[in-house]
**Q** 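The structure follows.
All values below come from the heavy atoms of this structure, side chains included, with hydrogens, waters and symmetry mates left out. Every chain is numbered from 1 and lettered A, B, ... according to where its sequence line falls, protein lines coming before strand lines.
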Amino acid sequence: MVVVQRRELTFWERMYLPEIVRGLVITFKKMFEPRVTRQYPEQAMPTTAVTRGQPRLTVKDDGNIACVSCGLCEAACPAYAITIDGKETDRFIEREPERFDIDMLRCILCGFCEEACPKEAIFMSNELELANTTREGLVYDMEQLKRSTSTLQPRIDYVRKINDRW
Amino acid sequence: MIDSGKQPEIKRVEITVNGKTVQARTDKPLIHACLQAESEVPHYCYHPGLSPVGSCRICQVEVQQGKMPARVMVACRTPVAAGMVVDTESKGAHDSRKECLEFLLKNHPLDCPICDKAGECTLQDYSFAEGQGEGRSVEPRRKLEKRKDLGDVIMLDQERCILCSRCVRFMEEVPETPQLCVAGRGSHSIIETWNNQPLSGNYQGNLADVCPVGALTLKSFRFKARVWNLTKTASSCGECSRGCSTTVEVLRAGEIVRIRPRHDEEVNKWWMCDTGRFALDHFSEVDRLVGACMPSATRGWDQFPVEDGLQVAADMLMAAEKPLIVASPWLTVEEGTELLTLGRQLNGRVAFVSPAQNELADDLLHTGDPAPNRRGLTDLGFEALSPEEILSAASEHSSILCIGERVASLLGEDGFNSLPSATRVLLFDCALPAAQEVGNSPIDLAIGLATSAERAGHWVNIDGIRRPILQARPAPTGVWNTVRLLQNLLGLLATREIQS
């Protein structure tokens, strides 16, 4: 058995009131300082082009998806989150995805897909929120992943810039 | 006919490849010896099964012979001579190959992300290894037809073509039906069919295999899968008694998307026919017979697991006097052995359905006999009976057990349905025959089997060559391996015999 020797409280400490006053002084001081707590989700965190959020597919200005379903992101994905099936199109670019699923529960937001893509078709967007009541609902299909080029433009410019360094 | 019998005497001479001494065949070009010495020499126009032409010029190696200074030459058009010293990795060889590659890529489009050949394209591999990142050409690339329809099987992309002429030579030399040609001259050369006719014949699918780039692709495989997602399993083709060695390619452990020939010097060399290549419907997972089922007067087809089905089968077979056991020629040697044991135990008559010759027979590979393991089952001691003979013999037996892939369809839909109602019919097959309704169906018990892509074993082809079939994908849940099924049935029968 270990007997813990507690420190004897001093007279002022045993008085109790001066300590209350000391605490309230800190409280009142903080009331006039700028607040640091963010009211999430009402106040979202600001994002920049560097933010590596969830991957999204670009839709070109002519309304067609930029992806040609080459499967490189699928091969690069370390978490096996991506599944792609291709099909033939009548357009000049002969191939487009028939199915493009990303399992957001598996996705680790590493950005390898964006790096592997030869067609500027997949980008890490600034979208970070992910919630659903079922697991199936978090496997996003092509329609849920499509974003217009203008939405993704800051990220596209950023990726082009960093790729120029190589 | 590909003769696998007597080979002419092969002369060999000693040469040195990258410091390795090789006994090189004199009837083959130098590149054969280099590949034999496991030296990587890139080659596009050279194919071991076709005559060499030396049109792509990529297989350049440095050769030193006698007192002559070392020279760079194309390995596929250089005959082998004793005492040659070959260096495939010298600076001279590398430099000329690199220059040659730059010319090949001058007009080659940059559509690897779209191209079906990507991942198994040697032009892609070698560009990655040795090619330069940027083109120096200022002229635009040639614009040609990207979707040229060449009949039912093949799609031609003229832009991707590097004019190696393998396809032209294949059509001339293997099925000996020349249909393709190199039309135009110089940089205007393109691959075309004579008079723009669609391709014909039973060997068109091989064009997609011989094409070293993605110019000739299979329509049925077009944009279906990326080749690195395919699981490849060595197997044998079951569409005729030739039993060509094949590779079965499965996408994500599910659908079989492609069957390709596998090099087998004794059976099919590098080729296979389109009948076998596109026989993918037989492996479909739709409308499969899973578990066991029995007709019930009130509930239609009564479904239950295989374990219970085998108990019923054992009871039925024990009650039979001298059952007729009808095997499908798709059964493997291993399954045939088990079935013979079963036949002996039941004192039954064991035969296999011997289908009639079909009109697909040719001089090259297809034998026209749709029974892949005819030789194997005959050697084991099975009786070969035609569908008609089986149907007439059925009335003499109180029970008939039809077992194996496609056995019901071999007997014919009408033939199978006309089996006498007094005879008890047990059908072990991959699928129920079409339009089987309780009441007018002759089936008393049906148990699902695995197709030849879902089980392993051996077939013996028409020339007596034993070749494996291997499991390319898992069987559907509730379907047993045929050997396991037969062994369990034998065990059940033995237990019942002891009990009685």
**Q** Before accepting this row, confirm whether a basic side-chain N of the pair A/Glu13/A/Arg7 lies closer than 4.0 Å to the acidic partner's carboxylate O.
**A**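 Yes, this pair counts.
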**Q** Looking at B/Arg288 and B/Glu285, does any basic side-chain N land under 4.0 Å from a carboxylate oxygen?
**A**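 A salt bridge is absent here (no side-chain N lies under 4.0 Å from a carboxylate O).
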**Q** For the pair B/Arg258 and B/Glu120, find out whether any cationic side-chain nitrogen is under 4.0 Å from an anionic carboxylate oxygen.
**A**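 Salt bridge flag = yes for B/Glu120 with B/Arg258.
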**Q** Are B/Asp149 and B/Lys219 close enough for a salt bridge, meaning some N to O gap below 4.0 Å?
**A**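 So B/Asp149 pairs with B/Lys219 through a salt bridge.
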**Q** Looking only at side chains, do A/Gln54 and A/Arg56 share a donor and an acceptor under 3.5 Å apart?
**A**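 Yes, because at least one side-chain N or O of A/Gln54 sits under 3.5 Å from a partner of the opposite role on A/Arg56.
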**Q** Taking heavy atoms only and a threshold strictly under 4.5 Å, list by residue number the residues of residues 80-101 of chain A that touch chain B; give 'none' if the list is empty.
**A** A/Thr83, A/Ile84, A/Asp85, A/Gly86, A/Lys87, A/Glu88, A/Thr89, A/Asp90, A/Arg91, A/Phe92, A/Ile93, A/Glu94, A/Arg95, A/Arg99
**Q** Any salt bridge linking B/Lys98 with B/Glu130? Criterion: basic side-chain nitrogen under 4.0 Å from a carboxylate oxygen.
**A**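 Answer for the salt bridge query: no.
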